[in-house]
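Keep in mind it's a predicted model, so treat the numbers as computed, not measured. Just so you know, these numbers use all the heavy atoms, side chains as well, and skip hydrogens, waters and symmetry mates.
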Amino acid sequence: MERIVMLRNQVPDEDEEKLSELLETAKSIIFARRFPFGSTLTDVEPMYRNLQVRIAVDLYNKQGAEGETSHSENGVNRTYQSSWVSEDLLKEIVPKAGIL
């Protein structure tokens, strides 16, 4: 939780709502990958809180460049692994399912 507070302290006030949206989106992404058959949890498990922030940062950094796979301008090169969330981040989520 302190990482989220630290992240919020670094973001201008006008971006506070956007940050909240990105954190909620990151939570949904983690839940969808972690619990593919649904979950009753309302908060991210402690071991995934850092990942939630990193996914939110990944989404924030890709704003306006969704779907970009390559970009080069003035010596700056950008290539994204995914137009949504980097696959490297998604690989950190271990799916969990129960037995009926």
Asks: Contact between Ile55 and Lys27 at the side-chain level, heavy atoms closer than 4.5 Å - yes or no?
Replies: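 The answer is no; the side chains never approach within 4.5 Å.
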
Asks: For Asp58 and Val85, which heavy atoms make the closest approach, and how far apart are they?
Replies: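 Looking at all heavy atoms of both residues, the closest pair is OD2-CA, 3.6 Å.
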
Asks: Show the nearest heavy-atom pair for residues Ala56 and Ala26, with the distance to one decimal.
Replies: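 Closest pair (atom of Ala56, atom of Ala26, distance): N-CB, 3.9 Å.
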
Asks: For residues Leu59 and Ile29, determine if any side-chain heavy atom of one lies less than 4.5 Å from a side-chain heavy atom of the other.
Replies: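 They are in contact (side-chain heavy atoms under 4.5 Å apart), so the answer is yes.
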
Asks: With Glu45, which residues qualify under salt bridge (Lys or Arg N to Asp or Glu O under 4.0 Å), at least two apart?
Replies: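 Residues passing salt bridge (Lys or Arg N to Asp or Glu O under 4.0 Å) with Glu45: Arg34.
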
Asks: Quick one: do Phe35 and Phe37 end up in the same hydrophobic cluster if we chain Ile, Leu, Val, Met, Phe, Trp and Tyr together by side-chain heavy atoms under 4.5 Å apart?
Replies: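 Unlinked, Phe35 and Phe37 end up in two clusters.
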
Asks: Holding to side chain to side chain contact (heavy atoms under 4.5 Å, CB included), I want the full list of residues that pass it with Arg33, two or more places apart in sequence or in another chain.
Replies: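 For Arg33, the residues satisfying side chain to side chain contact (heavy atoms under 4.5 Å, CB included) (neighbours in sequence not counted) are Glu87, Leu90, Ile93.
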
Asks: Kindly say whether Leu23 contributes a backbone atom to a donor-acceptor pair with the side chain of Gln52 at under 3.5 angstrom?
Replies: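 A pair under 3.5 Å: yes.
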
Asks: Is there a donor-acceptor contact under 3.5 Å from the side chain of Ser39 to the main chain of Leu41?
Replies: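 Between the backbone of Leu41 and the side chain of Ser39 there is a qualifying donor-acceptor contact (under 3.5 Å).
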
Asks: Looking at every non-hydrogen atom in both residues, tell me the closest pair between Tyr48 and Ile30 and how far apart they are.
Replies: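 Tyr48 and Ile30 have their closest heavy atoms at O-CD1, 3.8 Å.
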
